Amino acid sequence: MSRVLLVEDEPAIADILVYALETECFTVTHALTGTDALAAAAREPHDFAILDIGLPDMTGLDVCRRLRETSSIPVLFLTARDGEVDRILGLELGGDDYVTKPFSPREIVARVRAILRRGNHQATPKTQTPKTGLHHEASSMRIHFDGSALDLTAHEYKLLLVLIEKPGRVFTRDQLLDHAWQDPGAVTDRTVDAHIKSIRAKLRSARPGAENLIETRRGLGYSLAASS
C-alpha cells in the first residue's frame, strides 16, 4: 500500500482528496502547513507527495526544495495559479506533474497512479552508476560525469536519469517520453532522438568516446552501457 503525503491548507479540498485516495487503497498523511509536512516526511518515508503551492507558512515549491535535499520522492503540485512561470519552476524543482484548481479528485488519483507506475522514482538520496562515471546528486537535481556536473536541460536531465537508474535495460522511445514529458502525446518519438543526440554531444565534450555510453538498440530504443 503506497503512502501519500498530502499538503493542503484548505480542509474541504483536503477531505475530498483524502477520501478519494483512501478509497483507492492509498495511506494518506495530511499536513496543513509546510512545516508539518517536513516533520511528517522526517518521521516516516512516503512514496508520493501532493503539494499545494499556496501554503500559509511557505510555498509548496519551498517544501519540494526541502524534500529534494534528502529524497527523490515523486511530487504533484496543486495550485490556483496557471502561470507558465509557476509551471516551469515547479517542474524544474523536480515536480512530476502540475494540476490547476478546480480539479477532479479522480483525476488526481489517476495521475498519482500513472506516475507511480512509471517506476522511475525511489525515495532515496541518490543514484549512482560508478562503472560509467555518472552520478546523480538528488539534492541539487544534477547529474555528474567524471566528477563534473553536466549542463543539461530539464528534459535531458529526466531522460538521462531514467537510463542511469537502470543501466543495461532497454527503454523504448514511448517509455522515455512517458518518463520525461508531462504531456508525452504533445511530442513525437523523434523528440527523444534529438535529446539523446544532445546528451551524447555533452558526454563527448566531457570525455571523447563517452557518447558511446548511450547505446542505440535498433528497432527497440536506448540503453545505458552497464560499464564504461
Side-chain angles (χ1 to χ4, degrees), residues 1-68 71-123 141 154-155 158 161-162 174-175 177-187:
M1 184 178 294
S2 297
R3 184 177 294 276
V4 176
L5 176 61
L6 171 64
V7 191
E8 170 59 66
D9 65 323
E10 296 184 46
I13 294 177
D15 288 346
I16 291 172
L17 287 176
V18 169
Y19 177 79
L21 289 163
E22 290 184 342
T23 298
E24 294 297 320
C25 298
F26 289 98
T27 298
V28 182
T29 301
H30 174 222
L32 290 167
T33 67
T35 302
D36 289 344
L38 294 172
R43 284 195 302 269
E44 57 185 339
H46 291 76
D47 303 296
F48 200 95
I50 301 176
L51 307 179
D52 184 16
I53 288 183
L55 297 171
D57 57 340
M58 64 180 77
T59 70
L61 300 175
D62 293 328
V63 177
C64 181
R65 188 179 293 110
R66 294 280 297 277
L67 289 174
R68 289 298 186 211
S71 170
S72 56
I73 181 175
V75 172
L76 170 71
F77 287 109
L78 305 177
T79 182
R81 297 176 291 180
D82 194 25
E84 184 179 9
V85 173
D86 291 333
R87 184 183 302 271
I88 292 172
L89 179 57
L91 294 176
E92 288 185 349
L93 278 172
D96 297 88
D97 208 344
Y98 189 108
V99 179
T100 303
K101 300 176 182 178
F103 49 76
S104 163
R106 293 179 61 186
E107 177 189 2
I108 298 298
V109 173
R111 292 191 183 220
V112 171
R113 285 199 180 282
I115 293 169
L116 288 173
R117 275 199 305 268
R118 293 172 189 170
N120 181 38
H121 304 277
Q122 296 179 350
M141 303 297 289
H155 288 128
K158 291 180 179 180
L161 181 57
V162 173
D174 285 343
Q175 288 173 328
L177 283 171
D178 286 341
H179 283 296
W181 271 264
Q182 183 185 8
D183 182 8
V187 293

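None of these values were measured; they are calculated from a predicted model.
Here L177 contributes atom CG and H155 contributes atom NE2; the two are 9.5 Å apart, rounded to the nearest 0.5 Å. Rounding to the nearest 0.5 angstrom, the gap separating the CG atom in L51 from the OG1 atom in T79 is 11.5 Å. Between the NE2 atom of H46 and the CZ atom of F26 there is a distance of 13.0 Å, given to the nearest 0.5 Å. To the nearest 0.5 Å, atoms CG (D36) and CG (D9) are separated by 11.5 Å. Rounding to the nearest 0.5 angstrom, the gap separating the CD atom in E44 from the OG1 atom in T27 is 9.0 Å. Distance check, rounded to the nearest 0.5 Å: CG of L32 to CD of E8 gives 9.0 Å.
A search for side chain to side chain donor-acceptor pair (under 3.5 Å) contacts involving H30 returns nothing, not counting sequence neighbours.
D57 contributes a side-chain N or O that, together with a main-chain N or O of T35, makes up a donor-acceptor pair within less than 3.5 Å.
K101 and D52 are joined by a salt bridge, as a carboxylate oxygen and a charged side-chain nitrogen come within less than 4.0 angstrom of each other.
Contact between S2 and L116 at its shortest, heavy atoms only, is OG-CD1, 4.0 Å. Residue G60 comes nearest to F77 through the heavy atom pair O-CE2, 3.7 Å, listed as atom of the first residue, atom of the second, then distance. Residues P74 and I115 share a closest heavy-atom pair of CB-CG2, 3.8 Å. Nearest heavy atom pair, residue V63 against residue A37, reads CG1-CB, 4.5 Å. Closest non-hydrogen pair, L55 versus G34, comes out as CD1-N, 3.9 Å.
Around the CZ atom of R66, the shell of radius 6.0 Å holds no more than 12 heavy atoms that belong to other residues, nucleotides or ligands.
Counting heavy atoms from C-beta on, the side chains of D96 and L76 never come closer than 4.5 Å. Side-chain atoms of T29 and L5, non-hydrogen and from C-beta on, do get closer than 4.5 Å to each other. The closest side-chain heavy-atom distance from R113 to V109 is below 4.5 Å. A heavy-atom distance below 4.5 Å is found between the side chains of F103 and I13.
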Mind listing the side-chain donor-acceptor pairs of residues 15-25 below 3.5 Å, one per line with the distance, residues two or more places apart or on another chain?
| unit_1 | atom_1 | unit_2 | atom_2 | d |
| --- | --- | --- | --- | --- |
| T23 | OG1 | Y19 | O | 2.6 |

